[in-house]
Amino acid sequence: MFESGTFEYGLKTGDLPEKVIVKIFEKALSKVAEEINDSRIPKKRKMRKSTGPFGRSTPDAEEPEYDHIYIYSHRPSNLFLQLYPNQEKNGRIKFPEEGIVWNLYVTILSDYPARMSEQDHIQEFGGRVMEELFQKLPGEKVLIKKYAPGENRL
């Protein structure tokens with residue numbers, strides 16, 4: 001199972017259409033939510049398309065220029081996803097490794113939300129979604145960075 005923490009991945013998806021990639025994300029979210037079957041997992045399990053404004057990863061970083069990014073973040077889920085292109089609309093590349101088309105920023109919380117019993121599986125949601133996603137998403141997934149607690153984002 002995927003461990004808790006914050007990670008940045010590069011996705012080498014080739015020419016796989018954006019709509020197909022987003023559908024893979026949404027199917028993984030829905031499949032795991034249905035398997036866990038917990039009413040605390042939000043019914044709306046779609047990646048939200050955001051057109052900005054986009055913040056800087058650190059105060060001294062340049063403002064990113066994207067047409068849009070995709071976000072999944074619902075309370076009380078223990079999963080935060082941000083899917084965004086590796087190349088900004090101004091041509092700037094985020095991660096230089098050849099073949100990376102999309103970047104995936106992930107946070108999985110280990111102890112949220114609180115378990116209601118020993119049989120409660122809600123804290124498995126984030127890790128299981130990532131397992132499902134990485135099984136179904138074609139192409140190589142490159143771990144760019146595992147962030148230490150409190151570490152600034154690249």
Side-chain angles (χ1 to χ4, degrees), residues 1-52 54-57 61 64-113 121-149 151-154:
M1 186 191 300
F2 273 76
E3 62 185 279
S4 61
T6 301
F7 308 88
E8 193 102 42
Y9 290 94
L11 306 177
K12 296 183 177 185
T13 56
D15 59 358
L16 191 65
E18 181 177 324
K19 285 183 178 185
V20 173
I21 293 170
V22 171
K23 284 287 182 206
I24 291 170
F25 272 78
E26 291 174 348
K27 284 182 181 180
L29 290 162
S30 290
K31 180 181 182 205
V32 174
E34 288 169 12
E35 290 172 356
I36 292 177
N37 192 25
D38 190 302
S39 63
R40 294 173 288 170
I41 297 173
K43 299 291 182 225
K44 186 176 181 186
R45 295 180 287 272
K46 298 232 178 251
M47 296 288 285
R48 180 174 47 91
K49 191 175 188 176
S50 176
T51 55
F54 305 111
R56 295 172 168 86
S57 54
E65 294 183 27
Y66 299 111
D67 287 327
H68 58 275
I69 62 174
Y70 293 93
I71 297 171
Y72 176 82
S73 175
H74 292 287
R75 295 281 180 191
S77 172
N78 70 339
L79 179 64
F80 172 80
L81 301 174
Q82 189 178 63
L83 177 67
Y84 61 100
N86 193 41
Q87 183 171 348
E88 297 177 24
K89 63 184 180 180
N90 62 9
R92 187 171 46 208
I93 303 283
K94 175 83 173 189
F95 300 114
E97 184 168 328
E98 189 172 329
I100 293 176
V101 179
W102 290 92
N103 300 314
L104 178 60
Y105 180 79
V106 179
T107 298
I108 301 173
L109 302 174
S110 63
D111 56 358
Y112 183 83
H121 298 286
I122 195 158
Q123 291 176 359
E124 298 174 12
F125 181 71
R128 288 179 55 187
V129 167
M130 290 303 296
E131 285 178 8
E132 179 70 18
L133 182 60
F134 274 33
Q135 286 178 9
K136 301 295 184 199
L137 192 64
E140 187 179 350
K141 294 86 175 166
V142 179
L143 177 61
I144 302 291
K145 176 85 172 153
K146 179 181 182 199
Y147 293 95
E151 183 177 8
N152 284 336
R153 188 171 172 186
L154 295 174

Peer 1: Assess whether a salt bridge exists between Lys31 and Glu35, defined as any Lys/Arg side-chain N lying under 4.0 Å from an Asp/Glu carboxylate O.
Peer 2: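 Looking at Glu35 together with Lys31, the answer is yes, because their closest N to O distance falls below 4.0 Å.
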Peer 1: How long is the straight-line distance from CG of Asn90 back to OH of Tyr66, given to the nearest 0.5 Å?
Peer 2: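 Interatomic distance, Tyr66 OH to Asn90 CG, rounded to 0.5 Å: 9.0 Å.
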Peer 1: Taking all atoms of both residues into account, what is the closest heavy-atom pair of Arg128 and Ile36, and its distance?
Peer 2: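 Heavy-atom minimum between the residues: NH1-CG1, 3.5 Å.
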Peer 1: Can you tell me if NZ on Lys89 sees more than 12 non-hydrogen neighbours from other groups inside 6.0 Å?
Peer 2: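 It does: Lys89 NZ has more than 12 such atoms within range.
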Peer 1: Spell out, as yes or no, whether a donor-acceptor pair under 3.5 Å connects the side chain of Lys141 to the backbone of Phe134.
Peer 2: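 Such a contact is found between Lys141 side chain and Phe134 backbone.
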Peer 1: Between Tyr105 and Phe80, how do the two ring planes meet: parallel, tilted or perpendicular, split at 30° and 60°?
Peer 2: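 Rings of Tyr105 and Phe80: perpendicular, over 60°.
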Peer 1: Would you name the heavy atoms of Pro85 and Asn103 that are closest together and state the gap between them?
Peer 2: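 Heavy atoms only, the tightest pair is O-ND2, 3.6 Å.
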Peer 1: Rounded to the nearest 0.5 Å, how far apart are CD of Glu132 and CD1 of Ile24?
Peer 2: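 Glu132 atom CD to Ile24 atom CD1 measures 10.5 Å (nearest 0.5 Å).
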Peer 1: Are Met130 and Leu81 close enough that some pair of their side-chain heavy atoms sits under 4.5 Å apart?
Peer 2: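 SC-SC contact between Met130 and Leu81 confirmed.
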Peer 1: Specify the closest pair of heavy atoms between Tyr147 and Asn152, including all atoms of both residues, with the distance to one decimal.
Peer 2: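 Scanning both residues completely, I find the closest heavy atoms to be CE2-O, 3.4 Å.
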Peer 1: Look at Glu8 together with Lys145 and state whether they make a salt bridge at an N to O cut-off of under 4.0 Å.
Peer 2: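 Lys145 and Glu8: not salt-bridged.
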Peer 1: Hey, are the side chains of Leu133 and Leu29 touching, using non-hydrogen atoms and a 4.5 Å cut-off?
Peer 2: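 A side-chain contact under 4.5 Å is absent here.
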Peer 1: Hey, is the main chain of Leu154 close enough, under 3.5 Å, to the side chain of Lys94 for a donor-acceptor pair?
Peer 2: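 Yes.
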Peer 1: OH/Tyr70 to CH2/Trp102 distance, rounded to the nearest 0.5 angstrom?
Peer 2: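 If I round to the nearest 0.5 Å, the distance is 6.0 Å.
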Peer 1: Once rounded to the nearest 0.5 Å, what's the spacing between atom CD of Glu88 and atom CD1 of Ile93?
Peer 2: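 Atom-to-atom, Glu88:CD and Ile93:CD1 are 9.0 Å apart.
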Peer 1: If you define the side chain from C-beta out and look only at heavy atoms, does anything of Leu11 sit under 4.5 Å from Leu137?
Peer 2: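 Leu11 vs Leu137: side chains touch.
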Peer 1: Closest heavy-atom contact between Leu83 and Met47?
Peer 2: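 So the two residues come closest at CB-CE, 4.1 Å.
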Peer 1: If I take atom CD1 from residue Ile144 and atom CD1 from residue Ile100, how far apart are they, to the nearest 0.5 angstrom?
Peer 2: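 Ile144 atom CD1 to Ile100 atom CD1 measures 4.0 Å (nearest 0.5 Å).
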Peer 1: If you measure from OG1 on Thr13 to CG on Leu104, what distance do you get to the nearest 0.5 Å?
Peer 2: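 Between atom OG1 of Thr13 and atom CG of Leu104 there are 11.5 Å.
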Peer 1: For the pair Gln82 and Thr107, evaluate side chain to side chain contact (heavy atoms under 4.5 Å, CB included) and give the outcome as yes or no after the intermediate values.
Peer 2: CA-CA 9 Å; Gln82 189 178 63; Thr107 298; over 6 Å; no
Peer 1: If you compare all heavy atoms of Pro64 against all heavy atoms of Arg92, which two are closest, and at what distance to 0.1 Å?
Peer 2: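 It is CA-NH2, 3.9 Å.
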